[in-house]
Amino acid sequence: MKSQKQRMLAGDLYRVDPSLDREMNKCFKKLKSINKMTEKDEIARAFRDLFKNFGKSTIIPPFFCDYGSNISIGDRTFINYNNSIIDVNQVIIGNDVLIGPSCGIYTAGHPIDPLVRSSGLEFGKEIIIEDRVWIGGSSVILGGVRIGEGSIIGAGSVVTKNIPKNVIAYGNPCRVIREINQEDRDYWQKLKDQYDNSL
């Protein structure tokens, strides 16, 4: 028979039991310490201890999560202050990702039927944010979503479905507005070249 943790990570219905409760409490104690830290190197070491994987990236406290052990973050990713990740399932964030302030990444789900929901049963669905994604501030990413490489999620969006790579998407619910095209690349490369030549 599966443990409640195994059920949780498999995306099945589960209930928080004493073992999961202890894991959450351990995470909350670590976060209480992290959220008082001010030195980037100290903060990075603490997140390496908390997360499943944490590359050479930056998170600005305060930061909140349920377990930490279900979060993987690549290299050169920047997560601004006041972000929350409800990691009752895997959250995989790639390299060179930018996440603005006050975003929510929520793997958790609850039964639609109110009687079942009030019994304490819940479930979680994995979230994947691929390389070079930019998520604007105050956005919400819901369980089961994958955001494709290079895409931009506009500030304040609620992402309920997969977003393909190299698009600009925003809104509630979030929808694709247009592709990122060669004209965009040429324009921003020109500005970068001007910047580089000014140094």
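What you see is a predicted model; the values in this text were computed from it and never measured.
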Non-hydrogen atoms of [X] and [Y] that approach each other most closely:
X: R76; Y: S57; result: N-OG, 3.3 Å
X: D184; Y: E179; result: OD2-O, 4.0 Å
X: I180; Y: G150; result: CD1-O, 3.4 Å
X: V97; Y: E130; result: CG2-O, 3.4 Å
X: I60; Y: T58; result: CD1-CG2, 3.9 Å
X: F123; Y: V88; result: O-CG2, 4.1 Å

Exercise for review: Please name all residues satisfying ring-ring contact (aromatic ring centres under 6.0 Å, His included) with Y106, sequence neighbours left out, ordered by chain then number.
Suggested key: none
Review point. For I112, which fellow cluster members are found when Ile, Leu, Val, Met, Phe, Trp and Tyr are connected by side-chain heavy-atom distances below 4.5 angstrom, either directly or through intermediates?
Key: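 When side chains under 4.5 Å apart are linked, I112 ends up in no cluster with other residues.
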Practice item. Tell me who clusters with W188, hydrophobic residues only, linked when side chains sit under 4.5 Å apart either directly or through other members. Key: Y187, L191
Sub-3.5 Å donor-acceptor pair from the side chain of [X] to the main-chain atoms of [Y], do we have one?
X: N82; Y: P101; value: no
X: D131; Y: G94; value: no
X: T77; Y: I73; value: no
X: N83; Y: N80; value: yes

**Study point:** Pair T107-N89, side-chain donor/acceptor within less than 3.5 Å
**Key:**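 Their side chains do not contain a donor-acceptor pair, so the 3.5 Å distance test is not met.
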Point to revise | Side-chain heavy atoms of I93 within contact of I105, under 4.5 Å | key: yes
Check your understanding: Do I71 and M37 share a hydrophobic cluster (ILVMFWY, side-chain heavy atoms under 4.5 Å, transitive)?
Key -> yes
Point to revise | ILVMFWY network linking L98 to I135, side-chain heavy atoms under 4.5 angstrom | key: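 No.
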Review point. Going by the salt bridge (charged side-chain N to carboxylate O under 4.0 Å, His left out) test, which pairs reach into residues 190-199, not counting sequence neighbours?
Key: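 Matches after skipping sequence neighbours: K192-D196.
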Check your understanding: Restricting to pairs with a member in residues 35-48, which pass side chain to side chain donor-acceptor pair (under 3.5 Å), not counting sequence neighbours?
Key -> none
Please report, to 0.1 Å, the donor-acceptor pairs under 3.5 Å made by any side chain of residues 155-177, with sequence neighbours excluded.
unit_1 : atom_1 : unit_2 : atom_2 : d
S157   : OG     : G154   : O      : 2.7
S157   : OG     : G171   : N      : 3.0
N162   : OD1    : R146   : N      : 2.8

Exercise for review: Look at the rings of F47 and F63 and say which category their plane angle falls in: under 30° parallel, 30 to 60° tilted, over 60° perpendicular.
Suggested key: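 It falls in the perpendicular class, over 60°.
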Lys/Arg-Asp/Glu bridge criterion (N-O < 4.0 Å) met for [X], [Y]:
X: E122; Y: R117; value: no
X: D75; Y: K56; value: no
X: D17; Y: R7; value: no

Exercise for review: Look at atom CZ of F78 and say whether more than 12 heavy atoms of other residues, nucleotides or ligands are closer to it than 6.0 Å.
Suggested key: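 More than 12 within 6.0 Å, yes.
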